[in-house]
Protein chains: 2
Amino acid sequence: MRYAVLGDGKRIRPALAMASALAAGGTEAQGLEVGCAVELVHCFSLIHDDLPAIDNDDLRRGRLTVHKAFAESVAVLAGDALFALAFEVLASSCLSDSAKARANAVLSQAVGSQGLVGGEMLDVLSEGEPPKIETVRRIHLMKTASLISASCELGALAAGSGATVQSALGTFGRHLGLAFQIIDDVLNETSAQETLGKAAGSDRDRLKMTYPACLSIEDSLDEANGELAAALRQLEDVPGDTAPVRDLADYCVARDR
Amino acid sequence: MRYAVLGDGKRIRPALAMASALAAGGTEAQGLEVGCAVELVHCFSLIHDDLPAIDNDDLRRGRLTVHKAFAESVAVLAGDALFALAFEVLASSCLSDSAKARANAVLSQAVGSQGLVGGEMLDVLSEGEPPKIETVRRIHLMKTASLISASCELGALAAGSGATVQSALGTFGRHLGLAFQIIDDVLNETSAQETLGKAAGSDRDRLKMTYPACLSIEDSLDEANGELAAALRQLEDVPGDTAPVRDLADYCVARDR
């Protein structure tokens with residue numbers, strides 16, 4: 001569990017939760033606990049996605065995946081235990097009872113069959129199918145954008161903001177999450193393994209349904225920038241300091257790993 | 001997900017949640033939602049435990065395990081999605097916000113690295129080790145008793161009872177869960193596959209650490225009956241109708257499958 005969580009990741013989700021708490025008019029510190037919960041869910045999902053039965057990846061964050069470093073049984077169970085830990089972290093957080101109840105709803109929906117895990121299932125089922133942009137978009141919204149959206153919405157919730165601001169930051173995160181995943185697709189196609197810290201070109205090898213499988217690299221980047229712009233428009237009526245969340249949004253699209 | 005949940009299971013955990021709600025002075029119906037959440041967690045754990053990398057079981061509840069009926073990727077992800085669904089069910093239940101917050105804490109702790117999943121990890125790590133009764137007891141308490149205890153505690157919580165009654169029913173469930181698992185061990189050793197609906201004798205084949213690996217069948221049954229008696233003693237100061245929960249407790253120890 002430690003190996004999977006404490007490696008060299010970008011921590012973009014907890015960073016977004018903390019920046020969203022600030023943007024919602026609270027403090028960054030208020031977003032820390034929900035950000036940790038989201039990062040634990042993210043790490044659990046990476047372990048399971050990397051399993052031989054799913055993506056069969058040997059490298060993650062510049063080192064061996066959990067099932068390669070330990071054993072497949074350990075990878076399945078460490079993932080499960082991290083998933084549980086995410087909810088333990090919410091349960092022991094300093095959120096109010098009503099905020100906890102809402103946070104559990106947001107996080108469980110973001111992960112479940114209509115969110116991250118459902119998106120992973122669609123992704124697996126779509127391998128080798130003729131690429132269709134509507135399907136890729138749906139997979140990316142479920143698999144990636146749902147948890148990034150939850151990060152931002154939970155940050156706003158933890159900052160004590162009302163439903164309108166929570167919803168604006170959730171929608172911000174949804175657009176940003178889609179942009180983030182399009183960039184992931186492009187980097188998988190164009191980067192070197194040393195830069196990425198994981199296998200490059202693997203999506204193409206596996207006939208994964210990605211943006212570059214449907215569109216040119218240039219058009220994919222245009223789509224990502226369009227989603228980024230849509231995300232940033234959501235910040236217009238948000239009451240707090242939006243500079244950090246804007247910086248993170250720019251980074252998500254401009255990054256090279 | 002449907003295949004795993006809607007098969008021919010005993011539903012002992014939701015039955016205990018509902019009976020515990022009644023024993024706590026509420027109605028059986030009050031225990032239904034928390035019982036569903038616990039059953040979903042139980043089903044998720046069975047799918048993952050049956051995986052080739054863990055117990056490698058082909059049969060469960062009289063038919064093919066999920067990874068045999070579908071695919072290993074489906075089994076991993078269906079388990080994950082059921083885990084999320086358990087928390088979605090709690091989130092959308094009619095519990096009060098404070099009861100939801102507590103229920104999330106109880107359920108996540110019962111599942112995590114100090115509960116069910118941690119027990120499964122210990123179980124995997126102990127295969128082939130010299131059997132020790134202290135280790136078996138610890139594995140069973142974590143792997144089985146923690147979730148059965150949570151079923152009973154959550155039933156009492158959902159019925160609106162106070163901390164003392166919740167705790168009494170949780171302790172009842174802990175003893176009963178240990179008794180239940182000892183009987184499982186004995187049945188695995190003494191029953192036929194047709195009766196069990198899953199592979200018989202598989203614990204011995206796999207050098208699993210079980211009660212019958214440490215004690216005689218007779219002494220194992222004595223231990224189970226001792227735990228049953230300890231469980232029933234917890235019901236003395238419980239305010240509601242304890243007849244159904246007593247019947248279920250007796251069934252857990254007297255069952256033949």
Side-chain angles (χ1 to χ4, degrees), chain A residues 1 37 41 44-45 47-49 51-56 67 71-93 95-125 127, chain B residues 1 37 41 44-45 47-49 51-56 67 71-93 95-125 127:
Chain A
M1 291 168 72
V41 165
F44 126 71
S45 77
I47 301 178
H48 284 189
D49 286 4
L51 283 169
I54 304 184
D55 284 352
N56 194 24
H67 66 273
E72 210 176 316
S73 56
V74 176
V76 171
L77 296 170
D80 291 345
L82 288 173
F83 193 174
L85 186 58
F87 286 94
E88 290 182 66
V89 165
L90 285 188
S92 66
S93 73
L95 298 185
S96 70
D97 280 348
S98 66
K100 279 182 188 173
R102 175 77 191 138
N104 276 298
V106 170
L107 189 61
S108 57
Q109 282 166 29
V111 185
S113 60
Q114 305 303 309
L116 190 161
V117 176
E120 181 65 20
M121 188 76 256
L122 270 183
D123 191 24
V124 168
L125 295 172
E127 279 186 26
Chain B
M1 291 167 73
V41 164
F44 126 70
S45 77
I47 301 177
H48 283 188
D49 286 5
L51 283 169
I54 303 184
D55 284 351
N56 194 25
H67 66 273
E72 210 176 316
S73 56
V74 176
V76 171
L77 296 170
D80 291 345
L82 288 173
F83 192 175
L85 186 57
F87 285 94
E88 290 182 67
V89 165
L90 284 188
S92 66
S93 73
L95 298 185
S96 70
D97 281 349
S98 66
K100 278 183 189 174
R102 174 76 191 140
N104 276 298
V106 169
L107 189 60
S108 58
Q109 282 167 26
V111 185
S113 61
Q114 305 303 309
L116 191 161
V117 176
E120 181 64 20
M121 189 75 256
L122 268 183
D123 192 23
V124 168
L125 295 173
E127 278 186 28

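All values below were derived from every heavy atom in this structure, side-chain atoms included, with hydrogens, water molecules and symmetry-related copies excluded. Chain A is the first sequence line, chain B the second, and so forth, proteins listed ahead of strands; every chain is numbered from 1. Just so it is clear, the structure is predicted and the values come from calculations on it, not from any experiment.
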For Glu120(A), the salt bridge (charged side-chain N to carboxylate O under 4.0 Å, His left out) test, sequence neighbours excluded, returns Lys143(A)

When the 4.5 angstrom heavy-atom criterion is applied to Leu51(A) and chain B, the contacting part is side chain

According to the interplanar angle, ranging from 0 to 90°, do the rings of Phe83(B) and Phe83(A) count as parallel (below 30°), tilted (30 to 60°) or perpendicular (above 60°)? tilted

Separation between CG (Asn104(B)) and CG (Asn104(A)), nearest 0.5 Å, reads 3.5 Å

So, the part of Leu82(B) with a heavy atom under 4.5 Å from chain A: the answer is neither

Counting heavy-atom pairs under 4.5 Å with chain B, the top scorer among Val41(A), Val111(A), Asp97(A), Val106(A) is Asp97(A)

In this structure, CD of Glu72(B) is separated from CD of Glu72(A) (nearest 0.5 Å) by 5.5 Å

Which of Val117(B), Ile54(B), Val124(B) passes side chain to side chain contact (heavy atoms under 4.5 Å, CB included) with Val76(A)? Answer is Ile54(B)

Q) Any side-chain heavy-atom pair from Asp80(A) and Phe44(B) closer than 4.5 angstrom? A) yes

Among Gly112(B), Ser73(B), Gly79(B), the residue with the most heavy-atom pairs under 4.5 Å to chain A is Ser73(B)

If you tally heavy-atom pairs under 4.5 Å between each of His67(B), Lys100(B), His48(B) and chain A, the highest tally belongs to His48(B)

So, the part of Val74(B) with a heavy atom under 4.5 Å from chain A: the answer is both

If one checks every heavy atom of Leu77(B) against chain A at 4.5 Å, the contacting part turns out to be both

Ranked by heavy-atom pairs below 4.5 Å to chain A, first place among Ser108(B), Ala91(B), Ala81(B), Ala84(B) goes to Ser108(B)

Note: vs chain B, highest number of non-hydrogen pairs under 4.5 angstrom among Ala110(A), Ala103(A), Ala101(A), Ala99(A) is Ala101(A)

